[in-house]
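Accompanying notes for the structure given below.
Just so you know, ligand 1 is whichever comes first in the structure, and atom 1 is the first atom listed for that ligand. Here the structure is a predicted model, which means the values were calculated and not measured. Heavy-atom basis, side chains included; hydrogens, waters and symmetry copies ignored.
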Amino acid sequence: MATEVTTKEYRLLIGGQFVPAASGETFPTYNPATNEVIAHVPKAGREDVNRAVAAARKAFDEGPWGKMTPMERAKRMRRVAEILRERLEEIARLETLNCGKIIIESRADVAASANCFDYYANLTGHMWGETIPMNGPLFDYTVREPYGVCGQIIPWNFPLLMAAWKVAPALAAGNTIVLKPASATPLTALVLGEICQEADIPDGVVNILTGPGVEVGAAIAEHPDVDKIAFTGETETGREILRLSAGTIKKVSLELGGKSPNIVFSDADLEEAVNGSLFAIFTNAGQRCTARTRLFLHESIHDQFLSDFIAKAGKIRVGDPLEDATQMGPVISKRQCERVLSFIERARSEGANLALGGKRPDDEVLQKGNFIEPTIFTQVQNDMTIAQQEVFGPVLSVIRFRDESEVVEMANNTIYGLAATIWTNDLKRAHRLASRIRAGNVSINFPTVNPPEAPFGGFKQSGIGRELSRHALDLYTQVKNVVVNLADERFDWYGKWPVGQK
Ligand code: NAP
């Protein structure tokens, strides 16, 4: 497998300047396909957080961004989208090198990130308020105003796209930003920072810090000058973010984990359901928060479905993610690889049947990287660890069901509520289930997709708030109510005592 090392020197982006960490320290970042170091990035600390927050504060309080016309903000955001498209291939390769996702998926992520900037550029002039009828001579209206400084903390599974989902709506609303990418995948977020500067987003509006979550992320979440926190990551880290933000009563939105069900009824188009279910679990090597990790099969089609499904899953080409022909890459890190393998061991010891995979591929070339074969467990019970905890790898649990009530009960029996898929050609059943399943994103006869137009987020412990769509603007604006006295007569509460009698 070809080794590529980036020779570029990466820097933090603070107040429009590309700078090293105050400590001068750096940390390595790796290629998950080979575990070789591909670059070093600055290791920010609390001092850098203070500098970045001060720059974002100044840019919000004094800078031109919030005062610009919405059209002018939109123009610059569209320029970000244009540059992303111009540099699509280069950025996609960097994404694949750093996070291991196959190049086809990285290209799609860069294109989707550009679309996200365009989508929110189109909404800059659409954050209007209401006029509210009042009794008497009062006139009342609301305006939507940006929060101010937004701290944004993102994970490693969609490094650029998660940055775009957060940065674009925050910018559209006129906020300023301190963004912290995951330590495993810092590179494309830093590139996005360069692009924002090139697109004439004013200095201090977008600041980017790379460094350990427990220090940099925590300092952002606690900082008194940060008005809002938007976090995507594990549910456990989300709890910590809530605790850290509590001291200053920050506005918090969270996109967290999932254990999403994928339900196949006997009246579905089974070939399409097999193909869609493969996509729903094995894309991005299973490292999607919305991965449909629990496949519920009706008992009447269970065996037939599985034989087709397992045969096709066994043919997924695992290998070098930079090759167009490769269909599945490695998981993010050695640690994650060991974690996934330990879940596999646990599933076997709890009595699930290993029907496919369950190990690292034998191919010698892949031994250096964090590859795991597509893995399928059958005869899973919904209360087993493998069916309840988020694995974040290419591992599927198959569970048999008898009827609609039973499957709804099992599908909902998890702490999560992020997504769900239903395969059926019975229109009434499809909508009945869509309403009974407790998840923020339900797809019918389609595996999973998150276009910018549609809201995205979780029920239960999968999150707070909705990203994407117009709803994301609610995450980045607050409502101000304004009441105006239009009366000719002078207001005089005490002079006209008793009130209402003169
Ligand atoms: P993670 O460990 O929770 O980390 C996410 C981010 O939080 C990283 O930038 C991390 O920095 C930072 N962080 C870690 N500890 C922190 C702390 N104490 N205070 C503040 N920040 C802290 O999640 P991950 O492993 O990167 O990502 C996988 C998870 O993300 C999965 O659970 C997945 O379901 C979830 N996810 C959810 C969605 C959604 O929209 N619902 C989308 C994608 C992913 P370091 O990297 O430096 O530790």
Side-chain angles (χ1 to χ4, degrees), residues 27-30 32 41-46 49 98-99 101 109 151-166 178-187 189 208-223 226 229-246 250 252-260 283-293 331-333 335-336 339-340 389-393 414-419 439-441 448 450 454-468 471-472 475:
F27 65 98
T29 188
Y30 300 88
V41 295
K43 186 174 176 190
R46 284 196 178 253
V49 172
N98 201 192
C99 80
K101 70 172 60 189
D109 284 3
Q152 304 185 322
I153 303 172
I154 56 172
W156 43 256
N157 59 341
F158 289 85
L160 181 70
L161 190 60
M162 289 299 105
W165 283 20
K166 292 207 170 9
V178 178
L179 173 76
K180 192 204 98 61
S183 292
T185 54
L187 301 185
I208 302 186
L209 300 177
T210 49
V214 284
E215 190 179 347
V216 175
I220 295 171
E222 283 175 331
H223 204 292
V226 171
I229 291 287
F231 170 80
T232 297
E234 284 182 27
T235 294
E236 199 43 54
T237 321
R239 277 193 198 97
E240 180 62 9
I241 295 283
L242 282 176
R243 277 190 288 269
L244 292 167
S245 323
K250 288 192 177 42
V252 179
S253 51
L254 302 173
E255 296 288 0
L256 308 174
K259 198 73 204 175
S260 300
T283 43
N284 206 18
Q287 302 166 113
R288 301 174 80 111
C289 51
T290 53
R292 293 350 187 221
T293 47
V331 298
I332 187 72
S333 61
R335 195 167 137 244
Q336 183 65 9
R339 187 170 172 268
V340 173
Q389 290 190 20
E390 194 180 37
V391 176
F392 237 54
T414 152
I415 60 164
Y416 299 112
L418 189 57
N441 307 271
T448 169
N450 305 108
F456 178 81
F459 280 29
K460 300 195 276 182
Q461 294 186 35
S462 286
I464 300 175
R466 293 294 174 271
E467 291 198 308
L468 297 182
H471 290 270
L475 300 184

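Residue-to-ligand polar distances place Glu390 within reach of ligand 1: an N/O pair is separated by less than 3.5 Å. Of the N or O atoms in Glu234, one or more lie within a sub-3.5 Å distance of an N or O in ligand 1. Between Phe231 and ligand 1, a contact under 3.5 Å exists for no N or O pair. Any N or O atom pair closer than 3.5 Å counts here, and Leu244 shares no such pair with ligand 1. Looking at ligand 1, you won't find any N or O of Met162 less than 3.5 Å from one of its N or O atoms. Every N/O-N/O distance between Trp165 and ligand 1 stays at or above 3.5 Å. Checking only distances, Trp156 does come within under 3.5 Å of ligand 1, N or O to N or O.
Every atom of ligand 1 with a heavy atom of Pro212 under 4.0 Å away is listed here by number and element: 47 (O). Of all the atoms in ligand 1, the ones that sit under 4.0 Å from a non-hydrogen atom of Pro181 are 9 (O). Close contacts between ligand 1 and Cys289 involve ligand atoms 33 (C), 34 (O), 36 (N), 37 (C), 38 (C), 39 (C), 40 (O), 41 (N), 42 (C), 43 (C), 44 (C) [criterion: under 4.0 Å to a heavy atom]. Numbered from 1 in the order shown, with element, the atoms of ligand 1 that lie under 4.0 Å from a heavy atom of Thr232 read 5 (C), 36 (N), 37 (C), 38 (C), 39 (C), 40 (O), 42 (C), 43 (C), 44 (C). Atom numbering of ligand 1 starts at 1 in the shown order; those under 4.0 Å from a heavy atom of Leu256 are 34 (O), 37 (C), 38 (C), 39 (C), 41 (N). Remark: ligand 1 atoms within the under-4.0 Å shell around heavy atoms of Glu240 are 18 (N).
Of the protein's heavy atoms, Asn157 ND2, 3.3 Å lies nearest to atom 44 (C) of ligand 1. At the shortest separation from atom 11 (O) of ligand 1 among protein heavy atoms lies Lys180 NZ, 3.0 Å. What sits closest to atom 19 (N) of ligand 1 on the protein, heavy atoms only, is Gly213 O, 3.4 Å. The nearest heavy-atom contact from the protein to atom 3 (O) of ligand 1 is Thr237 OG1, 2.6 Å.
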Could you check Glu222 against Arg46 for salt bridge (Lys or Arg N to Asp or Glu O under 4.0 Å), going step by step and ending with a plain yes or no? CA-CA 11 Å; Glu222 283 175 331; Arg46 284 196 178 253; 3.4 Å; yes
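Counted within 6.0 Å of CZ on Arg239, heavy atoms from surrounding residues, nucleotides or ligands total more than 12; the atom is thus considered enclosed.
A centroid separation of less than 6.0 Å is found between the aromatic rings of Trp165 and Phe456.
Ion pair Lys180/Glu215 not flagged as a salt bridge, since none of the NZ, NE, NH1 or NH2 atoms sits closer than 4.0 Å to an Asp/Glu carboxylate oxygen.
Proximity of atom 7 (O) of ligand 1 to the protein is indicated by at least one non-hydrogen atom lying closer than 4.0 angstrom.
In this structure the side chain of Thr235 never reaches within 4.5 angstrom of the side chain of Glu390, judged on heavy atoms.
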